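Data block below; observations after.
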Number of protein chains: 2
Amino acid sequence: MKKGKITIKDVAEYASVSPATVSRVLNDYKWINSEVKERVQKAIDELHYVPDFTAKAMVRGRSQVVVVIVPIIDNHFFTQLINTVIQEMKKYGYYVVVYTTESADEECSFLGSSICQMADGILDATSLKELSPLQNVKKPMVLIDRYFEGNTTIDCVMNRNYEALYQGTEYLIRHGHNKIAFLVGAEGHGIAEERIRGFRDGLQAHGLPWREEYFIQDCWKTKAGIRYASRLLELPDPPTAIIAGNNTLTTGVLEAVRNHGMTPGGDISMIGFEECDEDVQAFARHGITSFRLDTSAIASCAVKLLLNRMEQSGKRAGARVEALELNFIERTSVCAPSL
Amino acid sequence: MKKGKITIKDVAEYASVSPATVSRVLNDYKWINSEVKERVQKAIDELHYVPDFTAKAMVRGRSQVVVVIVPIIDNHFFTQLINTVIQEMKKYGYYVVVYTTESADEECSFLGSSICQMADGILDATSLKELSPLQNVKKPMVLIDRYFEGNTTIDCVMNRNYEALYQGTEYLIRHGHNKIAFLVGAEGHGIAEERIRGFRDGLQAHGLPWREEYFIQDCWKTKAGIRYASRLLELPDPPTAIIAGNNTLTTGVLEAVRNHGMTPGGDISMIGFEECDEDVQAFARHGITSFRLDTSAIASCAVKLLLNRMEQSGKRAGARVEALELNFIERTSVCAPSL
DNA sequence: CTGAAAGCGCTAACAT
DNA sequence: ATGTTAGCGCTTTCAG
């Protein structure tokens with residue numbers, strides 16, 4: 001064997017055909033003499049020829065690579081998302097570059113990097129608050145689990161957060177609660193706002209007042225959840241039910257409730273969110289009634305949208321926005337308020 | 001603006017220089033007229049020029065991309081690993097393709113794919129049992145958390161599993177135990193075997209017999225851990241201490257112990273493994289004495305080794321094997337055996 | 001059905 | 001200090 005790597009030329013020579021023919025075999029072009037085809041295949045195998053990725057990508061203008069961007073957060077929601085994306089994309093012959101962003105600025109510069117330029121598409125659980133930098137991206141792109149008011153240009157997969165909170169609030173009211181607290185984080189890139197809106201409208205629809213002391217918006221951390229839930233429980237006129245705005249806060253509320261010697265569904269009612277498999281197990285054990293996010297479904301849906309976009313790249317049909325149902329899992333953490 | 005994408009030629013024209021000069025500015029070559037440099041930079045900015053990834057990679061023979069291969073397992077060890085790798089690699093200007101393998105065969109064919117051919121290096125938490133297919137890979141490669149007997153060719157990062165188990169066994173013996181059980185999985189790609197060896201030698205060094213009924217090797221699942229630990233506890237002559245072979249089994253053993261109305265460090269002693277942040281929190285709460293894997297350290301070390309290999313690619317200096325210390329976290333789950 | 005040749009966008013000698 | 005030129009390895013007309 002010679003020095004350098006084996007190219008299509010070497011294979012061609014070895015099989016006594018032209019490079020063009022080898023290329024045709026490689027991309028199984030239909031009308032090739034089957035005897036020639038075999039000979040070429042043999043050459044490929046014997047020389048252990050592997051087509052050059054860069055050359056192929058350059059000349060075809062497609063790389064079979066997609067980029068997934070996630071914020072650098074320890075929530076398993078994202079890791080599960082990535083897993084599903086990788087496996088789904090694999091089915092269609094795509095490889096996945098994973099990138100974690102630490103800030104909006106960093107994300108912007110990454111979006112303008114040559115790796116994004118070479119990718120065929122981008123899946124973005126963006127950290128940006130503004131839509132405009134995203135609209136400059138020329139690649140097919142799908143936003144994951146993000147809500148932008150009035151977005152009509154970029155494809156998007158998210159959950160019916162508004163509906164879920166509305167429904168959850170109603171559910172509590174139907175069970176006789178009228179002192180309902182809601183704990184939520186900031187920085188949800190639209191999702192916190194949607195959940196708050198659902199809660200507010202749920203109360204309003206049933207004529208319940210908005211009580212400032214029952215609404216806490218700060219951050220998504222479990223520790224904060226414990227602290228704020230404790231504060232709620234120690235109020236002179238405490239709520240009879242608490243809604244936790246995401247999975248980590250649910251864990252926090254649960255912990256606070258137990259620290260106070262109370263039982264969810266006994267002395268107090270609560271509704272939570274479960275976003276990962278771990279949550280499901282933990283919350284089921286404690287009978288927490290909650291909304292389940294189907295992470296795999298979100299990922300699959302995003303992949304589907306992106307593939308679709310990539311096929312008909314160019315056509316600028318308006319943004320498709322998929323809003324997935326949140327599954328309401330009724331367990332035992334909601335009871336009638338104890339008087 | 002014209003139709004197609006903007007190339008280095010367009011920039012050159014716009015700035016009235018040659019493409020070569022633009023290229024020099026791009027790769028900040030030292031001896032360029034600063035006035036020209038500015039003009040070129042302005043052209044780049046104004047035209048929103050982004051260098052073509054494929055062309056650059058092709059001509060330079062380097063892509064700034066590395067591949068990370070992990071088995072498709074839900075253990076957070078791997079997700080944490082990937083996170084660290086991405087962030088570390090980012091510092092050095094590398095992007096990361098993540099690939100999850102479902103079988104050894106699939107991994108082999110992936111290793112021979114053109115994406116691996118284009119990557120500058122590979123980080124592999126391999127699913128392979130044999131070393132030989134890996135030895136055929138021509139790219140710089142580092143194996144993660146894998147042990148291959150007699151490997152002298154491929155760089156490798158792993159933990160001192162043998163030493164940990166030896167130490168743990170001794171620790172129990174020093175506390176007066178002589179009926180020590182060990183629960184471990186199969187399919188550890190060398191790591192199960194190393195831990196078993198450490199346990200065996202630990203017993204032997206102190207003249208304790210190997211008792212078949214105290215040794216269970218099946219799988220790594222928590223459920224199996226619960227089942228087998230229960231079986232151990234219900235033995236006519238039960239062990240006074242149990243060592244769990246990894247994090248999920250530790251969870252299982254803990255659960256079984258509690259199901260039997262026992263307390264770790266009270267009625268029974270146990271030692272576990274904590275491999276992720278979640279484990280640390282959960283085990284700390286229950287006072288589980290255990291060995292801590294520093295996932296980030298493993299990842300960083302692997303990245304370091306790989307970068308090193310990539311720099312001096314070509315030089316076939318023998319394999320470097322880094323074996324990281326496992327941190328023994330002494331808590332309260334080990335006491336003297338109750339007689 | 002197959003071969004010849006042009007060129008994708010860039011870098012790296014080699015000139016100047 | 002900058003321009004000219006020759007490819008990198010592949011696909012894809014265009015001829016035959």
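A note on names: the letters A, B, ... follow the listed sequences, proteins ahead of strands, and every chain is numbered from 1. Being a predicted model, the structure only gives us computed values, none of them experimental.
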Taking the six-membered ring for Trp, are Tyr99(A) and Phe110(A) parallel (under 30°), tilted (30 to 60°) or perpendicular (over 60°)?
parallel
Does OP1 or OP2 of dG3(C) have a side-chain N or O of Thr21(A) closer than 4.0 Å?
yes
Salt bridge (charged side-chain N to carboxylate O under 4.0 Å, His left out) evaluation trace for Glu13(B) with Lys9(B)
CA-CA 6 Å; Glu13(B) 207 167 310; Lys9(B) 257 182 152 170; over 6 Å; no
Atom CE of Met118(B) to atom P of dG9(D): distance rounded to whole Å?
16 Å
Taking atom C1' of dT11(C) as reference, at what distance in whole Å does atom OH of Tyr29(B) sit?
12 Å
Separation of dT11(D) P from Asp52(A) CG (nearest whole Å)
10 Å
Atom NZ of Lys56(B) and atom C1' of dC8(C): how far apart are they, to the nearest Å?
17 Å
Kindly say if Thr7(A) contacts the phosphate of dG9(D), meaning a side-chain N or O under 4.0 Å from OP1 or OP2.
no
Contact class for Tyr49(A) vs. all strands (heavy atom < 4.0 Å): base, sugar-phosphate, or nothing?
sugar-phosphate
Closest nucleotide of DNA chain D for Val59(B) versus for Val17(B): which of these residues is on the 5' side?
Val17(B)
For Leu26(B) and dT11(C), what is the distance between atoms CG and P respectively, to the nearest whole Å?
6 Å
If you check every side-chain atom of Pro51(B), which of dT12(D), dC10(C), dC10(D) has the closest atom?
dC10(C)
Enclosure of Glu38(B) CD (heavy-atom neighbours >12, cutoff 6.0 Å):
no
Can you check whether Ser18(B) has a side-chain N or O nearer than 4.0 Å to OP1 or OP2 of dG3(D)?
yes
Once rounded to the nearest 0.5 Å, what's the spacing between atom CD of Gln64(A) and atom CE of Met89(A)?
10.5 Å
Over how many whole Å does the gap from Asp28(A) atom CG to dT12(D) atom P extend?
13 Å
Using whole Å, report how far CH2 of Trp31(B) lies from C1' of dA12(C).
15 Å
Of Met58(A) and Arg24(A), the one whose closest nucleotide on DNA chain D sits nearer the 5' end is Met58(A)
Does NZ belonging to Lys37(A) count more than 12 external heavy atoms closer than 6.0 Å?
no
Per Asn33(B) side chain, nearest of listed nucleotides dT2(D), dT2(C), dG9(D):
dT2(D)
5'-most by nearest nucleotide on DNA chain C - Lys37(A) or Ala55(B)
Lys37(A)
Taking the side chain of Ala20(B) as its heavy atoms from C-beta onward, which of dG3(C), dC1(C), dA12(C) lies nearest to it?
dA12(C)
Roughly, in whole Å, what's the span from CD in Glu35(A) to C1' in dT2(C)?
13 Å
